[in-house]
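Quick note on labels: first sequence line is chain A, next is B, and so on, each numbered from 1.
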Amino acid sequence: MKEKQVNSYRTGPDEDGHFGIFGGRYVAETLMPLILEVEKTYKQAKNDPAFKQEFHELLKEYVGRPNPLYFAKRMTEHLGGAKIYFKREELNHTGAHKINNCIGQILLARRMGKTRIIAETGAGQHGVATATVCALFGMPCVVYMGAKDMERQKPNVFRMKLLGAEVIPVTSGSESLKDSMNEALRDWVTNVNDTFYIIGTAAGPHPYPELVRDFQSVIGNEARTQILEKEGRLPDSLVACVGGGSNAIGLFHPFLDDEVDIYAVEAAGHGVDTDKHAASLSGGAPGVLHGNRTYLLMDDDGQILEAHSISAGLDYPGIGPEHSFLNDVGRVNYVPIDDNEALEAFQLCTRLEGIIPALESAHAIAYVMKLAPTLPKDHIMIMGLSGRGDKDIFTVAKALGEEI
Amino acid sequence: MPISRIEQRFRNLKEDNRAGLITFITAGDPDQETSLNILKGLPCAGADIIELGMPFSDPMADGPAIQEASIRALKNKMTLSKTLEMVGKFRENDKETPIILMGYYNPIYIYGVDKFLGDANRVGVDGLIIVDLPPEEDSELAIPAKHADIAMIHLATPTTDKNRLERILENGSGFLYYVTIAGITGSAKPDLSPVKGALAGFREISTIPMAIGFGIKSPEDAARFAEFADAVVVGSAIVDVIKNNLEQENLANSVLESRVLSFVGELAQGVRNAR
């Protein structure tokens, strides 16, 4: 047991919030006392049986967990190789994995006595999930969303409004996810006394990457139990898409010390050799932004570049720090999938399995389409189907040249 | 070791029994030539210490005025190297006025910390204010800066208690920058008495000079705070004068430089007449 811990990939972060050289707490001094309080509260909460019980009760009764580990029979036959399972996060209440984390964080916010919630959102899934838990807990909610993203994710904007959230359009910078995060940080520093910031991905200052990962690890823990029930053994590989990387780290983390090949799929936009992509590991370098050191897309002067992906949820020039660590130590393979490949996968999954996936998840499907045919039929693969694609039908219609 | 420019300046201010005026402009705003001219004119106009902003694409602690200044500078191809060159040109004619570079960590990290500190020292930079480096990350830059004889000015805020202040002062040097309100630059006018109370509390712990900034917009504001602070920082209000004197495509009009410098003159008058 001891020997295993020495070689473990699951021990991070250290007490200063570092995963190797990545992570840390690069925030304005005004926020530091609060960040330290979040850390202290989280340490207590995760060892408090009552907190864990309330979290799991809500996941069961409100979110609808456990969701199925579904054998994608037609997809498996079509691709003719590995046996493919989907972890069905898209069946969660609100339609994506984001709600897992929001439940955990709003419980923390309440524990800290905070009375106002803010969040940033790209595709709107995290905004909807945050607005949802705010409705459930009766807390006011402000969501920052890039003006460009509001345009391409109109249904989610309206959902948030119905749920009682105030959606504030962000017109600075590239009008997408990174700018929404800047704006949320500006709000937080101004309203530090009563406000809790529910960060949507496994990034930001310590302890956010850790706590988001822990809340999302329900995905991997369930998948592990389910595959043992169905197949009597662990999978041979895992595949998930990464923007900030919360669904991926949630699926991967419980398997990091097992003999399982792990693939994380970055959004390559028009291609990683162009200036229009969002693949921070394939096309970026280590830098410091939004509270952590991690791989970023930037120019020679350290100015952050605009990311591009057809999927608003992956359209971010950085990635969670634990992914940067897992990349550098070689434990996880980070691979690019471009807009066109994702669109093709979106359609194939819809037709073959009757499941309309989110464009984010379609990136993972596209990599499964590449990888599965090269593998033997007894190879077991689990793919994280992180969200459903209803929100994306307008974007897809436009890309396919259809009017709806 | 000779006494630093920052220390010398605060000694002189103390002898004169007045607070100092610290002025902020963004390097390269609205263009490199105008920005250098303003920089060179600031000491004569009455700036005692100069904060020079290093433009960054994602200035998350700044309000709209300084965000836009960063964007204008970056559009005109301002870089960290050019900011350092600008300081070098300023130093050719001014050996006394302390220059503090203010900004965010990533451009420095990408430039290379050791190379940056070496170059900054060589061109005559006296101190650094890096908004996203709290004491928890002192090993990144604050500690290396000590060895390069560059002051690392730390921030204290309304959320800072006495224990926290001790942590802040561990590797902080030059002076302490007290942020008057919880918020971003260019925000609402701070109330006087909580700021006065906070500074009085801090002075029980430390003798380091204490500057205050955020939300100070007029000569009158500056005067009120200059009564008890060691220095007063004005940033967004100066940047606003730049913005208000731009023609289309962000070109400086013919009176931009003189308007900025005369506003600084008014601020300096306010500060000098405060006690």
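- Neither the backbone nor the side chain of A:L305 comes within contact range of chain B; no heavy atoms are under 4.5 Å apart.
- Within the 4.5 angstrom heavy-atom criterion, no atom of B:M54 approaches chain A.
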**OP:** Check step by step if side chain to side chain contact (heavy atoms under 4.5 Å, CB included) holds for A:I304 and B:F56.
**Re:** CA-CA 8 Å; A:I304 310 303; B:F56 183 49; 3.9 Å; yes
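- Contact between B:P134 and A:M32 at its shortest, heavy atoms only, is CB-CG, 3.4 Å.
- Looking at B:D161, neither its backbone nor its side chain comes within 4.5 Å of chain A, counting heavy atoms on both sides.
- Closest heavy-atom contact between A:H290 and B:M60: N-CE, 3.8 Å.
- Across all their heavy atoms, B:T157 and A:T30 have their closest contact at CG2-OG1, 3.2 Å.
- Among all heavy-atom pairs drawn from B:N106 and A:V288, the shortest one is OD1-N, 2.7 Å.
- Between B:D62 atom CG and A:N182 atom CG the span is 10.5 Å, to the nearest 0.5 Å.
- Side-chain contact between B:P59 and A:R186: present, with at least one pair of heavy atoms (C-beta onward) separated by less than 4.5 Å.
- The two residues B:P55 and A:Q303 come nearest to each other via the heavy atoms O-NE2, 3.1 Å.
- Interface remark: B:E140 contributes side-chain atoms only to the contact with chain A (heavy atom separation under 4.5 Å).
- Within the 4.5 Å cutoff, no side-chain heavy atoms of B:T159 are placed close to those of A:L34.
- In terms of heavy-atom pairs under 4.5 Å with chain A, the best-connected choice from B:A156, B:S187, B:P107, B:P135 is B:P107.
- For B:K75, the NZ atom counts as loosely surrounded, since its 6.0 Å shell holds 12 or fewer non-hydrogen atoms of other residues, nucleotides or ligands.
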Subject >> Criterion side chain to side chain contact (heavy atoms under 4.5 Å, CB included) on A:H206 and B:E136, from CA distance to verdict >> reply: CA-CA 11 Å; A:H206 176 63; B:E136 277 69 13; over 6 Å; no
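- For chain A, the option among B:A182, B:S81, B:A61 with the highest count of heavy-atom pairs below 4.5 Å is B:A182.
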Result block: side-chain N/O donor-acceptor pairs under 3.5 angstrom for residues 165-179 of chain B, not counting sequence neighbours:
{"unit_1": "B:N171", "atom_1": "OD1", "unit_2": "B:K146", "atom_2": "NZ", "d": "2.8"}
{"unit_1": "B:N171", "atom_1": "ND2", "unit_2": "B:D138", "atom_2": "OD2", "d": "3.0"}
{"unit_1": "B:S173", "atom_1": "OG", "unit_2": "B:M152", "atom_2": "N", "d": "3.0"}

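- The most heavy-atom pairs under 4.5 Å with chain B, out of A:V27, A:V192, A:L36, A:L185, come from A:V27.
- Neither the backbone nor the side chain of A:M181 comes within contact range of chain B; no heavy atoms are under 4.5 Å apart.
- Between the side chain of B:E137 and the main chain of A:R25, a donor-acceptor pair closer than 3.5 Å is present.
- Contacts of B:L74 with chain A are made by side-chain atoms alone, with heavy-atom separations under 4.5 Å and no backbone atom involved.
- Within a 6.0 Å radius of CD in B:E33, no more than 12 heavy atoms belonging to other residues, nucleotides or ligands are found.
- Considering all non-hydrogen atoms of both residues, A:P286 and B:I110 come closest at O-CD1, 3.6 Å.
- The contact between A:D300 and chain B is made entirely by backbone atoms, counting heavy-atom distances below 4.5 Å.
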